[in-house]
Amino acid sequence: MSAHPFNPHVATLPVYIPGRPIEEVARELGLDPTGVIKLASNENPLGPSPRALAAMDRTLKSLHLYPDGSAFQLKRALAQRLGVDSSNLILGNGSNEIIEFLGHAFLRPGDEVVVSEYCFAVYPIVAALFGTRLVTVPAQRFGADIPGMLRAITPATRMLFLANPNNPTGTLATREEIAALLAGVPRHVVLVLDEAYVEFLEDPADGLALIRAGTHPNVIVMRTFSKIFGLAGLRLGYGVAQPELIAGLERIRQPFNINSLAQAGALAALEDADHLEATRVNNRKGLDDLQSAFAKMGLEYIPSFANFVMVRVGDGARVFVELQRRGVITRPTAGYALPEWLRITVGLPAENHRCLEALREILGR
Ligand SMILES: *Cc1c(COP(=O)(O)O)cnc(C)c1O
């Protein structure tokens, strides 16, 4: 690295380690890829909506044309569904891109960014990318300590991230805690509420009410098509905020960041309520099955509100490798300072069963 004049912070940037792709694991271990299952990245085990697939198929023959840079149709449909205006929406190449827009828009070297212990790995990376100081507030029983996060705010704080439910822990802050957060965050701090898993909740609070009310110019709610919508490979996420904040982020966005297939696929996926409901049903049952099996095996787990669950297996790195050898890809969490745990995504019933059988064999339970 020293041969090139990189910016000084580049060498020390934390690196995001994604869930391992099926093909890569199969190649490495000499396994048949069709026999490998991936429960590592909180993807939808039912796959994409068939309606999304059909819509993208119809779009293929127009791929010589640039996409609509304003994503007019998709934004209009999304706004309608969310009960907001198109001017409240920004689309990103995954919600990860929106996190980066926020960095460009608001973060400068020396600023402070407040997160919770066990927060989503992308927040510390973006904080470091923009030379800010990360202030990590210790978690309480794996969940965010919201009063503690509010106390961590100083005049130098520019941004506070909270994922709810949180990844990787699957914990959920209560409505009261979120209300306290909204009431307590000062205007000089941008509050990023990351709702990547909100659609999995049985009884979700209406996180967009405050956007409709126009009361919180410094709050942005983020969601994604990567999780319940089953379109992680398309890369599409969105942010919902006051038009002024959105207009600032729009200036940063590259003109064609949302490709034509993503626009068509997401538009159709939005209409497919059956697919969403089937995904919710599969998830509820699968989460119950996994958690009750862990309890029977005497394994500690963190009760989850999302489509994955953290389980304490002892030597997480070893169990990860052993599972992988049996064709089951999970997510090790040593990078989150949880080396005794694994994060397992809820799969189809047969996939959950296979993962549990492998775990029983490895752990001798
Ligand atoms: C998966 C996830 C996202 C979504 O990422 P995309 O870039 O939209 O695929 C955002 N936040 C959290 C907490 C997540 O777990």
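Ligands are counted one by one from 1 in listed order, and the atoms in each one are counted from 1 as well. Computed from a predicted model, the values in this text were never measured in an experiment. We count residues from 1, following the sequence as given.
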Tell me which protein heavy atom sits closest to [atom], plus the residue, atom name and distance to 0.1 Å.
atom                    : result
atom 5 (O) of ligand 1  : Ser95 OG, 3.5 Å
atom 9 (O) of ligand 1  : Ser226 OG, 2.6 Å
atom 7 (O) of ligand 1  : Arg235 NH2, 2.8 Å
atom 14 (C) of ligand 1 : Lys227 NZ, 3.2 Å
atom 13 (C) of ligand 1 : Asp194 OD2, 3.4 Å

From the list Asn44, Asp274, Asp272, side-chain hydrogen bond (donor to acceptor under 3.5 Å, both in side chains) with Ser49 holds only for Asp272
Any side-chain donor paired with an acceptor under 3.5 Å for [X] and [Y]?
X      : Y      : value
Thr345 : Asn42  : yes
Thr279 : Asn282 : no
Glu195 : Asn164 : no
Asn167 : Arg343 : yes

I'd like to check which ligand 1 atoms, numbered from 1 as shown, lie under 4.0 Å from a non-hydrogen atom of [X].
X      : answer
Ala196 : 2 (C), 3 (C), 10 (C), 11 (N), 12 (C), 14 (C)
Asn96  : 7 (O)
Gly94  : 6 (P), 7 (O), 8 (O)
Tyr197 : 1 (C), 14 (C), 15 (O)
Asn167 : 13 (C), 14 (C), 15 (O)

Return a yes/no value for Tyr123: is any of its N or O atoms, backbone included, closer than 3.5 angstrom to an N or O of ligand 1?
no
Find out whether Ile211 and Leu82 are in side-chain contact, i.e. whether some heavy atom of one side chain is under 4.5 Å from a heavy atom of the other.
no
Once the angle between the rings of Tyr301 and Phe294 is folded into 0 to 90°, is it parallel (under 30°), tilted (30 to 60°) or perpendicular (over 60°)?
tilted
Take Asn283 and Ile228 through the side chain to side chain contact (heavy atoms under 4.5 Å, CB included) test and state the conclusion after the steps.
CA-CA 10 Å; Asn283 192 63; Ile228 203 164; over 6 Å; no
